[in-house]
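Please read through the structure below; I'll follow up with questions.
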Amino acid sequence: MTMPLGWYCLSEQITDIGTADSKEFVVPSDGWLRKVETVIAGAITGADDVVTVSRNGSALAPTITIANSGSAAGDYDFAEFYVAVRKGDRIT
């Protein structure tokens, strides 16, 4: 499926969701942050993992909780946002 005109998608991998890590994206053009999605490659063996999304260092709500119980490769979680972003903003 093609993206609507003016939409874009940025992606990155975190090696181990259970270990503190962060990835940073630079917004390529003015627009809106609409959704952040996660897909895990294997079961989580510890506690639930929480992904916090930030814009320019300020945490956004909601967070994404990836549940330990019943987790398996391919589990999909997401958070929807409607946050204005400007070219050059940093999304972490």
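Since we're looking at a predicted model, the values are computed, not measured.
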| request: Please list, chain by chain and in numerical order, all residues satisfying side chain to side chain donor-acceptor pair (under 3.5 Å) with T19, sequence neighbours excluded. | output: D16

| request: Please list all pairs passing the side chain to side chain donor-acceptor pair (under 3.5 Å) test where one or both residues lie in residues 40-52, with sequence neighbours left out. | output: none

Distance-only donor-acceptor hits, side chain of residues 84-91, under 3.5 Å, sequence neighbours excluded:
{"from": "R86", "atom 1": "NH1", "to": "D30", "atom 2": "OD2", "distance (Å)": "3.3"}
{"from": "D89", "atom 1": "OD1", "to": "N56", "atom 2": "ND2", "distance (Å)": "3.0"}
{"from": "D89", "atom 1": "OD2", "to": "R86", "atom 2": "N", "distance (Å)": "2.9"}
{"from": "R90", "atom 1": "NH1", "to": "G88", "atom 2": "O", "distance (Å)": "3.4"}

| remark: Separation between OG1 (T92) and CZ (R55), nearest 0.5 Å, reads 11.5 Å

| Quick one: side-chain contact (heavy atoms from CB on, under 4.5 Å) partners of Q13, sequence neighbours excluded? | none

| Are any of the side-chain heavy atoms of I66 and T38 separated by less than 4.5 Å? | yes

| note | The remaining residues in the hydrophobic cluster of V39, counting side-chain heavy-atom contacts under 4.5 Å among Ile, Leu, Val, Met, Phe, Trp and Tyr, are Y76, F78

| Pairs touching residues 57-72 that satisfy side chain to side chain donor-acceptor pair (under 3.5 Å), sequence neighbours left out | none

| Partner residues of D77 under the salt bridge (charged side-chain N to carboxylate O under 4.0 Å, His left out) criterion, sequence neighbours left out | none

| query | Once you round to the nearest 0.5 Å, how far does CD of E80 lie from CG of L33? | reply | 11.0 Å

| request: Would you please name every residue forming a side-chain contact (heavy atoms from CB on, under 4.5 Å) with A47, sequence neighbours left out? | output: none

| message | Suppose the criterion is ring pair (Phe, Tyr, Trp, His ring centres under 6.0 Å): which pairs have a residue in residues 24-49, not counting sequence neighbours? | response | W32-Y82

| said: I want to check something: taking the side chain as every heavy atom from C-beta on, are L10 and E12 in contact at a cut-off of under 4.5 Å? | reply: no

| Closest non-hydrogen atom pair, P62 against A79 | CG-CB, 3.8 Å

| Hey, what do you get for SG (C9) to NZ (K35), rounding to the nearest 0.5 Å? | 10.5 Å

